[in-house]
There are 2 protein chains.
Amino acid sequence: MFYQILKPHVQESREHHFKRGEIIYHEGDTPQNIYFIESGLVGLFHIAESGKETFLRVFGTNSILGHRSYFANEPYHATAIALAPSLLISITKEECSRICRESPSLLKEVTSQLAKDLKTAELRMAGLQDKSVHQRIAESLVFLKLKHPDHTWTRKEIAEYSGSTFETVARAMSLFEKEGLIKKQGRDFEIFDPQKLIAFTNSEN
Amino acid sequence: MFYQILKPHVQESREHHFKRGEIIYHEGDTPQNIYFIESGLVGLFHIAESGKETFLRVFGTNSILGHRSYFANEPYHATAIALAPSLLISITKEECSRICRESPSLLKEVTSQLAKDLKTAELRMAGLQDKSVHQRIAESLVFLKLKHPDHTWTRKEIAEYSGSTFETVARAMSLFEKEGLIKKQGRDFEIFDPQKLIAFTNSEN
DNA sequence: CGATAGATTGAGAGTTTTCAACCGATGTGG
DNA sequence: CCACATCGGTTGAAAACTCTCAATCTATCG
């Protein structure tokens, strides 16, 4: 969405190709660039010392990446990893601040996006407290699959997004299939009716 | 911090007094105002249908409140409650957008704050996955007590901030006292050495 | 077709919550 | 200023949920 506003302003940029699993930037790194996703899929992860990973945000085609750290003027607080082969375009911080001066509507748009992301993060945090694993897994299946239908989401990715483990996700998906709510197809799956799926997990005791 | 930038621009405002426990706004309400906290203490909570509450953010003197919803142009996603007797000042949305036009530095400041709040929320979300209850409780004690030392934090407030229950907080605090890390005094408490407290919970098990 | 990454399922363990009963602090009205 | 009501805190015991560990199976791809 910013992409359309931003693209015409860009004067100098670089292309970067990433394979699945490659790291775009690390937690703690000092941001030098802002990235746009020309094609592909990127995940933002927090990785604990224990190795436990938490899937914070997904970025698809036409998203921008690294903006939070840029606007907070902080090091990256998490690690960005390509979830599929991706083509990214980077512009420098300097170019970014020039563009922000030229186009105040861009800043308002970014502010609005950060405000929405904050809501999402806080509601997910609350959900970890007041929802069952099955509810969170169902919501994650719906969110991830509807937003990015072409990606074959692994149980591990779903687990890290829902705040669970891949075994628990596998079990939940077997249950959902037995209930006729989803259909597993190879490693991928299909959701028959998102509302029914959510409703089912809400009704479970 | 915005307060200093914003105050000289304000032309029209209203005062509101709240007692401890009174609700400033409800989740779902449509924002009509932005608030400044002249004095007192405010908490932002998510309240599940089950009644389970999650403590999302604290706001002390000189904070602004309601800005996330204003800048996202969304209804409130959570409920703001006075944690102590508080004096708030409201200005209308219209006045707020006028001020944002007059003072672009304010918008940049708000953007930066939202970006930092997003980091905090995402790291807390990750912490619920990869830290033990004792670690989260210790971190919450340190954060809440150091940032707002004059407030007598209840076990319930600490529990809702740390993602736990008041019983678990009471037990943890008894342990921390037995270890000589904190001192309970009436309903209040004192932290002898924040670093030692955190280190202790990191070393458990 | 073999190698490898990912998925499934079972069984058992562990952490945290829930339920319950009781105790102590605080503050207010008589 | 004391008595008492109320709100908050403590502690124990049991239950529940989810995770961990382990073994096995199945896609997918070179």
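Proteins come first, then strands; the chains are lettered A, B, ... in the order of their sequence lines, and each starts at number 1.
The aromatic rings of B:Trp153 and B:His151 stand perpendicular to each other, their planes meeting at an angle above 60°, with 30° marking the opposite boundary. The aromatic rings of B:Tyr76 and B:Tyr25 sit parallel to each other, their planes meeting at less than 30°, with 60° as the upper class boundary. Classified by interplanar angle (parallel below 30°, tilted 30° to 60°, perpendicular above 60°), the ring pair B:Phe143/B:Tyr161 is parallel.
The CD-C1' distance, from B:Glu160 to D:dG9, rounds to 15 Å in whole Å. Atoms CD (B:Glu53) and P (C:dT17) sit 16 Å apart, rounded to a whole Å. Atom P of nucleotide D:dT18 and atom CD1 of A:Ile137 are separated by 9 Å, given to the nearest angstrom. With rounding to whole Å, A:Leu128 atom CG is found 16 Å from C:dT17 atom C1'. In this structure, the CZ atom of A:Phe166 is 11 Å from the P atom of C:dT8, given to the nearest Å. Distance NZ (A:Lys156) to C1' (C:dT4): 16 Å, rounded to an integer number of Å. In this structure, the CG atom of B:Asp130 is 16 Å from the C1' atom of C:dT15, given to the nearest Å. If you take CZ of A:Phe176 and P of C:dA7, they are 16 Å apart, rounded to a whole angstrom.
Relative to the ring axis of B:Phe45, B:Arg57 does not place its NZ or CZ within 45° and under 6.0 Å from the centre.
Contact check, B:Ser164 against C:dT17: a side-chain N or O comes under 4.0 Å of OP1 or OP2. In this structure, B:Lys184 reaches the D:dT10 phosphate: one of its side-chain N or O atoms is under 4.0 Å from OP1 or OP2. The side chain of B:Thr168 places an N or O atom within less than 4.0 Å of a non-bridging phosphate oxygen (OP1 or OP2) of C:dT17.
Residue A:Arg155 is classed as a sugar-phosphate contact, given heavy-atom separations below 4.0 Å to backbone atoms only. Counting any heavy atom pair closer than 4.0 Å across all strands shown, A:Thr154 reaches sugar-phosphate atoms only and no base atom.
Distance alone, capped at 3.5 Å, places no donor-acceptor pair between the A:Lys131 side chain and the A:Gln135 backbone.
Closest-nucleotide positions on DNA chain D for A:Arg136 and A:Gly186 were compared, and the one nearer the 5' end corresponds to A:Arg136. The nearest heavy atom of DNA chain C to A:Gln129 and to A:Trp153 marks one nucleotide each, and the one closer to the 5' end goes with A:Trp153.
Counting atom types as modelled, B:Arg171 pairs no side-chain N or O with a base atom of C:dT15 as donor and acceptor under 3.5 Å.
The side chain of A:Glu167 lies closest to D:dT20 when the candidates are D:dT11, C:dT16, D:dT20. Among the nucleotides C:dA7, D:dT20, C:dT8, the one closest to any side-chain atom of A:Ser174 is C:dT8. Closest to the side chain of A:Arg187, out of D:dA13, C:dT16, D:dA27, is D:dA27.
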